[in-house]
Amino acid sequence: MKRLLTILAVSLAITSCGPSSYLMLLDKRQTSPSGLDLAGKSIALVYLESESGVDSLFNNRLSDLIALGLEEEYFSGARAVDVLHLVKEEGGDYKSRDSLSRYVMELDSDVVLLVDVPVLVARDSKGREQYETLLYAYDSMGKDTVTVISSKYRADKLNDVSKALSVGSSLLSPLKSEWITEDFQFIYYNGSRKWTDGISYAEECEWGKATETWLDLIRESAPQGQSCAMYNIAVACYINGEYDLALEWLDQSDKIQPISLSRTLRKRIDNGKKQ
């Protein structure tokens with residue numbers, strides 16, 4: 001997803017013969033409408049099916065859609081969300097904090113999402129049935145509570161794939177990040193292809209490629225260049241809501257050679273962590 005909005009300025013000199021800064025407006029990731037902050041965390045998704053298996057295909061399809069949506073949103077489309085299924089046992093407690101935290105341990109994931117079986121909640125005068133599907137989410141690195149997301153829908157039968165995809169989209173939507181526009185400064189050196197490549201990748205919000213380029217520059221550069229590349233990686237982590245990782249990179253940058261932009265970024269990271 002392209003997050004670049006506009007470039008404000010180019011080549012604002014930090015030093016007369018050293019690095020320059022590149023100022024641009026970008027969208028920055030915020031907490032999702034559900035209140036969950038999923039950026040930078042491992043995620044596992046478990047869906048339940050009834051013993052009869054009547055809802056197996058339905059829950060499989062909607063869970064796959066949720067997983068693909070989360071991978072697109074938080075992992076640049078890479079395969080990262082494991083999808084598992086369980087047969088729901090009568091009397092089983094699947095929505096409690098204790099149950100979900102156990103799955104966190106068993107699946108070795110920071111976040112566990114569990115999709116319950118569809119429940120018939122109403123039938124109108126014409127015999128049309130209304131169902132509800134609940135998704136339970138537990139973030140072991142966030143608040144020690146279970147978040148519940150609901151989707152209600154009409155369905156003539158529970159093997160309707162198009163309806164399953166619609167329900168999956170409804171459950172996915174509150175898990176996707178919201179975005180706000182902020183200005184950011186990246187550092188580059190005139191005349192260096194790799195430094196301008198890093199800026200180009202940042203413009204396109206291709207953070208994996210940008211970070212790989214800056215990691216190469218850390219290995220190849222003198223101390224000042226290493227510090228600047230580390231600062232750039234810290235900015236990228238901040239934009240993607242990975243505040244702890246952003247601080248680690250900024251600390252390394254400051255340790256090698258502090259730059260003038262560091263203090264402002266550090267304040268923004270600290271404010272982000274408090275939200």
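Computed from a prediction, not measured in an experiment: that's the story for all the values here.
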Y153 vs T133 side-chain heavy atoms within contact, under 4.5 Å: yes
Do L65 and L134 sit in one hydrophobic cluster, given that two such residues count as connected whenever their side-chain heavy atoms are within less than 4.5 Å of each other, even indirectly? no
Same apolar cluster (I L V M F W Y, side chains within < 4.5 Å links), L172/V161: yes
From Q226 CD over to R219 CZ, what is the distance, rounded to the nearest 0.5 angstrom? 11.0 Å
S63 side, atom OG; L114 side, atom CG - distance, nearest 0.5 Å: 9.0 Å
Does the Lys NZ or Arg CZ of K28 fall within the cation-pi geometry relative to Y238 - under 6.0 Å from the ring centre and within 45° of the axis? yes
Tell me if a side-chain donor or acceptor on E71 pairs with a main-chain N or O of A80 at a distance below 3.5 Å. yes
Applying a strict under-4.5 Å side-chain criterion to I, L, V, M, F, W and Y, I'd like to know whether Y103 and V111 cluster together. no
Which heavy atom of D98 sits nearest a heavy atom of S101, and at what distance? O-OG, 2.9 Å
Nearest heavy-atom neighbours spanning A234 and L265: CB-CD2, 3.9 Å
Please report the interatomic distance CG(L62) to CG(L135), rounded to the nearest 0.5 Å. 9.0 Å
S253/S227 under side chain to side chain donor-acceptor pair (under 3.5 Å): CA gap, chis, key distance, verdict: CA-CA 4 Å; S253 173; S227 179; 2.8 Å; yes
Hydrophobic cluster membership, Y243 vs L261, 4.5 Å side-chain cutoff: yes
Do T196 and K194 make a side-chain contact, defined as non-hydrogen atoms from C-beta onward lying under 4.5 Å apart? no
Take D110 and S140 through the side chain to side chain donor-acceptor pair (under 3.5 Å) test and state the conclusion after the steps. CA-CA 6 Å; D110 301 323; S140 64; 4.7 Å; no
Please say which of V115, D82, D64 ends up in a side chain to side chain contact (heavy atoms under 4.5 Å, CB included) with L45. V115
Can a side-chain donor-acceptor contact be found between S99 and D93 if the only test is distance below 3.5 angstrom? no
Inter-residue atom distance F186.CZ - E203.CD, 0.5 Å rounding: 10.0 Å
Nearest non-hydrogen partners of D139 and K41, listed with the distance: OD2-NZ, 2.5 Å
Shortest non-hydrogen contact from D27 to I239? O-CG2, 3.7 Å
Test of understanding: with salt bridge (charged side-chain N to carboxylate O under 4.0 Å, His left out), list the residues that count as partners of E178, not counting sequence neighbours. none
Group every Ile, Leu, Val, Met, Phe, Trp and Tyr by side-chain heavy-atom contacts under 4.5 Å, then state whether L247 and W249 land in the same group. yes
Any chance NZ of K95 has more than 12 other-residue heavy atoms, nucleotides or ligands included, within less than 6.0 Å? no
Does the side chain to side chain contact (heavy atoms under 4.5 Å, CB included) test come out yes or no for R61 and L57, once each step is laid out? CA-CA 6 Å; R61 292 295 183 266; L57 178 63; 3.4 Å; yes
Sorted by chain and residue number, the ring pair (Phe, Tyr, Trp, His ring centres under 6.0 Å) partners of Y138 (sequence neighbours excluded) come out as none
N232 side chain to I187 main-chain N or O, any donor-acceptor pair under 3.5 Å? yes
Any chance the side chains of S177 and Y74 put a donor and an acceptor closer than 3.5 Å? yes
Interatomic distance, L107 atom CG to S42 atom OG [nearest 0.5 angstrom]: 10.0 Å
Hey, are the side chains of L250 and S262 touching, using non-hydrogen atoms and a 4.5 Å cut-off? yes
When you compare the side chain of F58 with that of E49, does any pair of heavy atoms fall below 4.5 Å? no
Would you say Q185 and Y231 are linked by a side-chain donor-acceptor pair, where the criterion is simply a distance under 3.5 Å? no
I would like to know whether C228 and W195 meet side chain to side chain contact (heavy atoms under 4.5 Å, CB included); could you show each step before the answer? CA-CA 10 Å; C228 291; W195 282 101; 3.8 Å; yes
Closest heavy-atom pair and its distance - S151, L171: CB-CD2, 3.8 Å
Nearest heavy-atom neighbours spanning Y94 and E89: OH-N, 2.9 Å
Side chains of L175 and E73 in contact at under 4.5 Å (non-hydrogen atoms): no
Evaluate the side-chain proximity of L36 to P174: yes if any heavy-atom separation is below 4.5 Å, no if none is. no
D108, CG atom: more than 12 neighbouring heavy atoms under 6.0 Å: no
For side chain to side chain contact (heavy atoms under 4.5 Å, CB included), just list the numbers for D251 and R266, CA-CA rounded to whole Å, side-chain angles, deciding distance to a tenth of an Å, and then say yes or no. CA-CA 9 Å; D251 287 343; R266 187 174 295 277; 2.9 Å; yes
Is any side-chain heavy atom of Y47 less than 4.5 Å from a side-chain heavy atom of I66? no
Report the C-alpha distance between D144 and R97 in whole Å, list the side-chain angles of each, state the deciding distance to 0.1 Å, and finish with yes or no for side chain to side chain contact (heavy atoms under 4.5 Å, CB included). CA-CA 8 Å; D144 194 27; R97 180 263 179 202; 2.8 Å; yes
Starting at NZ of K176, measure out to CZ of R29 and round the result to the nearest 0.5 Å. 10.5 Å
Go through the steps for D197 and T213 under the test side chain to side chain donor-acceptor pair (under 3.5 Å), then give the verdict. CA-CA 7 Å; D197 282 348; T213 302; 6.0 Å; no
Are more than 12 heavy atoms, taken from residues, nucleotides or ligands other than R154, located less than 6.0 Å from that residue's CZ atom? yes
Please lay out, stage by stage, how D37 and K273 fare under the test salt bridge (charged side-chain N to carboxylate O under 4.0 Å, His left out). CA-CA 11 Å; D37 182 3; K273 292 185 68 175; over 6 Å; no
Side-chain heavy atoms of I149 within contact of L113, under 4.5 Å: no
